[in-house]
Amino acid sequence: MPSTSYLLGVLALVFSLTLALRAVPFAVLRTLRGSVIVQRLAVWMPVGIMAILAVTSLRSTVVAVPGTLHWALLAVAVTVAVHLAAGRRTILSVGIGTAVYVVLVNAW
């Protein structure tokens, strides 16, 4: 069993590294706020991440439960409609789309 001083040293090192790795992006971002690249990333990155998550989730769901492709596509359409109609509120649209999918799959 490692000594107490060794464990405390490891914990201090891990804490310091974690804090530094989480703080560095914010410190660098402050200087890059006016950059065109950062502004474009701020617009397109959330959309790209959501698209990747949606495709991955739909693929695994449709493969795992055959016969649900039409329900999944309908839930995606509802999600997009709610997202555009509700002022682009991501949590609301994803929540309603998920609820629609769950209800459709379990009701039929």
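For the numbers below, each heavy atom of this structure counts, side chains included, while hydrogens, waters and symmetry mates do not. The shown structure was predicted, so the numbers you read here are calculated from the model rather than taken from an experiment.
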Nearest-0.5 Å distance, [atom1] of residue [X] to [atom2] of residue [Y]:
X     : Y      : atom1 : atom2 : value
Met1  : Leu7   : CE    : CG    : 6.0 Å
Thr68 : Leu104 : OG1   : CG    : 10.5 Å
Leu41 : Leu29  : CG    : CG    : 10.0 Å

Which heavy atom of [X] sits nearest a heavy atom of [Y], and at what distance?
X     : Y     : result
Gly97 : Ala75 : O-CB, 3.6 Å
Gly34 : Gln39 : O-NE2, 3.9 Å
His70 : Gly67 : CE1-O, 2.9 Å
Leu92 : Ala86 : CD2-CB, 3.6 Å

**Message:** Are more than 12 heavy atoms, taken from residues, nucleotides or ligands other than Ile91, located less than 6.0 Å from that residue's CD1 atom?
**Reply:**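 Open.
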**Item:** More than 12 heavy atoms from other groups under 6.0 Å of CG on Leu13
**Value:**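 Above 12, so yes.
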**Asked** Quick one: ring pair (Phe, Tyr, Trp, His ring centres under 6.0 Å) partners of Trp44, sequence neighbours excluded?
**Response**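 Applying ring pair (Phe, Tyr, Trp, His ring centres under 6.0 Å) to Trp44 gives none.
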**Single-linkage hydrophobic cluster, 4.5 Å side-chain cutoff, Trp108 and Val100 together** =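 In one cluster: yes.
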**Message:** Please say yes or no: joined through hydrophobic side-chain contacts below 4.5 Å, possibly via intermediate residues, are Leu58 and Val63 part of one cluster?
**Reply:**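 No, because Leu58 and Val63 fall into different hydrophobic clusters, even though each may have its own neighbours under 4.5 Å.
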**Prompt:** Quick one: does Thr56's side chain have a donor or acceptor within less than 3.5 Å of a partner on Leu53's backbone?
**Reply:**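 Pair absent, no side-chain N/O of Thr56 close to backbone of Leu53.
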**Prompt:** Can you check whether Ala54's main-chain N or O pairs, donor with acceptor, with Ser57's side chain at less than 3.5 Å?
**Reply:**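 It does not hold such a pair.
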**Message:** Please list all pairs meeting ring-ring contact (aromatic ring centres under 6.0 Å, His included) that have one or both residues in residues 3-36, counting only residues at least two apart or in different chains.
**Reply:**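 Residue pairs passing ring-ring contact (aromatic ring centres under 6.0 Å, His included), neighbours aside: none found.
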**Request:** Just jot down the side chain to side chain donor-acceptor pair (under 3.5 Å) partners of Thr18, sequence neighbours excluded, or say none.
**Result:**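 With neighbours one apart ignored, the set is empty.
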**Message:** With side-chain contact (heavy atoms from CB on, under 4.5 Å) as the test, pick out the partner of Ser93 among Leu84, Val82, Thr98, Val80.
**Reply:**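 In the set Leu84, Val82, Thr98, Val80, the residue that makes a side-chain contact (heavy atoms from CB on, under 4.5 Å) with Ser93 is Val82.
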**Prompt:** Out of Thr79, Leu73, Leu74, Thr61, which residue meets the side-chain contact (heavy atoms from CB on, under 4.5 Å) rule with Tyr101?
**Reply:**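 Passing option: Thr61.
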